[in-house]
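Below is one structure; the comments refer to it alone.
A note on names: the letters A, B, ... follow the listed sequences, proteins ahead of strands, and every chain is numbered from 1.
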2 protein chains.
Amino acid sequence: MKKDKQGCDGKTCLLCRLSLKEWAPAVTLHRRNFILQKGETLFKEGDPVEGIYFIHEGLMKVHKHWGPEKELIVRFAQKGDIVGHRGIGGLEQFYPVSATALAPVKVCFIEMDFFQASLKINHALLYELMLFYAQELQSSEKQMRNLAHMSVKGRMANALLLLQQKFGFNKDGFIDIALSKQDLASYIGTTYETTFRILNELIADRLVAVSGKNYTILNEAMLLRLTDIQ
Amino acid sequence: MKKDKQGCDGKTCLLCRLSLKEWAPAVTLHRRNFILQKGETLFKEGDPVEGIYFIHEGLMKVHKHWGPEKELIVRFAQKGDIVGHRGIGGLEQFYPVSATALAPVKVCFIEMDFFQASLKINHALLYELMLFYAQELQSSEKQMRNLAHMSVKGRMANALLLLQQKFGFNKDGFIDIALSKQDLASYIGTTYETTFRILNELIADRLVAVSGKNYTILNEAMLLRLTDIQ
DNA sequence: CGCTCGCTTGATAGTCATCAACCCGCGTGG
DNA sequence: CCACGCGGGTTGATGACTATCAAGCGAGCG
């Protein structure tokens, strides 16, 4: 994790956008900018909470571990997204998740004390954060139900649709996120091998196409049907 | 759903506790108090959002459906808890979950417009709500991981421990919540029959005891070990 | 040339959902 | 009073799904 000399553009992240004018110099003081390489971790599950991060560039996964080998990717975070907000409010001061870069990342870091102080003062910021939590909670609970009741194939269909919605397309028409099969598996909540097999079925049925770490949806309607009740 | 003449005690619910003094008369105007019988539903998944509810008394389940027969209980709500807050912030104005009374319930209802207006004005209220969301999100994501990676036995052990923590004990030493096996199954995210079998295993191993709809933990340490990584 | 590593495939076993049967107590009607 | 049927609780049998293990394959590299 290196320092980023260039720093924040003042437009991307929530804190900068919603920062009070008179508060801005203080923000500048308390902010630290970092660059992460692919694979580097911003914080790990169980680490003591130090602050909150705003992503300016790149892609991260937010994941929970289960033993040394297994994990569940809870969410992907890209430009403009918040990471580390799960550290707020819990009685324990430990991150309940890890955050790892999937592509080179630029983040700005705000000490938790200062951020909390901002929240106390900046009503608009607090309101936005509350809304953000509300949305996160909705998608999290939807995902819970899917994990409980949906088959792997359904969850994979769902995952691909969500990824397309969140990341859109790159110039080749693929979903604009490069994702290893292992990470896809962790996002779906299954194993590498199962992911592989089910993905092959979807390819055989001409519902999706895959090229390396890139995915594209060929038949959205059929994929959507896979996410229906059996 | 009948009207409740008695109404709110002004101490239990978040809104009353944190209400600004000058705002209190307005709260009284916009509040409606209701009584629900066991089995009655406060709102259903997909209903248009009308407002937010605070529970004064009783017990509710908050659940997501999957087809006509299956559901996942996302959370239990009791005295002092909020229900319907998932309606905030989503772009759609529909409840993403249902809320059903498991025991006779007294709630107070606040129109969403008025509640949102309160949030805009009442900073302490907004902050508490944000913290509440943050905690909900943490437990929700933990539950996600458990659903993805933990066995039914582990999830059942976890569920019983959580219930004990949340509801404490009644005078007979049982966990102070009466829960049908079907509801327990829906909370764990499995079927009725499986719940039954696994529960019997736990009973045979002298880890828990069951009497009708009541449960008690006999060997907390062993139960805790079941929630560990395999 | 041989090695390793990641990708791919096959075989197997464990977990769990599903369906069906059974038991038993209770209410009901003969 | 008894036979009957009904429904909820319980158990058994089966099969689907999926994790796991292990082996094969091929490309890149020392």
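Of the listed residues (Lys166(A), Arg75(A), His56(A)), just one forms a side-chain hydrogen bond (donor to acceptor under 3.5 Å, both in side chains) with Asp81(A), and that residue is Lys166(A).
For Lys153(B), no side-chain nitrogen or oxygen approaches OP1 or OP2 of dG14(C) to under 4.0 Å. For Lys213(A) and dC7(C), the shortest distance from a side-chain N or O to OP1 or OP2 is not below 4.0 Å.
In terms of modelled atom types and a separation under 3.5 Å, the side chain of Thr194(A) and the main chain of Thr190(A) share no donor-acceptor contact. Listed for the His149(A) side chain is a donor-acceptor partner under 3.5 Å among the backbone atoms of Glu71(B). Using modelled atom types, one side-chain atom of Asn170(A) and one backbone atom of Phe174(A) make a donor-acceptor pair closer than 3.5 Å. The backbone N or O of Ser186(A) sits nowhere less than 3.5 Å from a side-chain atom of Tyr192(A) that would complete a donor-acceptor pair. Between the Gln135(B) side chain and the Phe132(B) main chain, no donor and acceptor come within less than 3.5 Å of each other. With Asp47(B) contributing its side chain and Lys44(B) its backbone, the two residues share a donor-acceptor pair below 3.5 Å.
Here dC16(C) presents its C1' atom at 11 Å from NZ of Lys70(B), a figure rounded to the nearest Å. Rounded to whole Å, atom C1' of dA19(D) lies 16 Å from atom CG of Leu72(A). As a whole-Å value, the separation of Gln182(A) CD from dA19(D) C1' is 13 Å. Atom CD1 in Ile229(B) sits about 13 Å away from atom P in dT20(D), given to the nearest Å. To the nearest angstrom, P of dC7(C) lies 11 Å from CG of Asp183(A). In this structure, CG of Leu147(B) is placed 14 Å from P of dA19(D), rounded to the nearest angstrom.
Partners of Arg145(B) according to the salt bridge (Lys or Arg N to Asp or Glu O under 4.0 Å) rule, which considers only residues two or more places apart in sequence or in another chain, are Glu45(A). For the ring-ring contact (aromatic ring centres under 6.0 Å, His included) test, residues two or more places apart in sequence or in another chain that qualify with Tyr95(A) are Phe43(A).
Here the two rings, on His85(A) and Tyr133(A), have centers that are under 6.0 Å apart.
Nearer to the 5' terminus of DNA chain C, by closest-nucleotide assignment, is the contact made by Lys181(A) (compared with the other of Lys181(A) and Ala148(A)).
Contacts between residues 188-203 of chain A and DNA chain D, defined by a heavy-atom separation below 4.0 Å, involve Thr190(A), Thr191(A), Glu193(A), Thr194(A), Arg197(A), listed by number. Near-neighbour residues of DNA chain D inside residues 58-66 of chain A, defined by a heavy atom below 4.0 Å, are absent.
Salt-bridge check for Glu141(A) with Lys64(B): failed, with every basic side-chain N at 4.0 Å or more from each acidic carboxylate O.
Taken over five-pair windows at either terminus, the axes of the helix from dC1(C)-dG30(D) to dG30(C)-dC1(D) are inclined to one another by 0° (rounded to 10 degrees).
Using modelled atom types, one finds a donor on one side chain and an acceptor on the other under 3.5 Å when comparing Gln164(B) with Glu220(B).
Glu111(A) CD: more than 12 foreign heavy atoms inside a 6.0 Å radius.
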Step by step, would you call Phe109(A) with Phe54(A) a ring pair (Phe, Tyr, Trp, His ring centres under 6.0 Å)?
CA-CA 7 Å; Phe109(A) 164 84; Phe54(A) 298 89; 10.0 Å; no

Anything under 3.5 Å between a protein N or O and an N or O of nucleotides 23-27 of chain C, put it in a table, one pair a line.
none

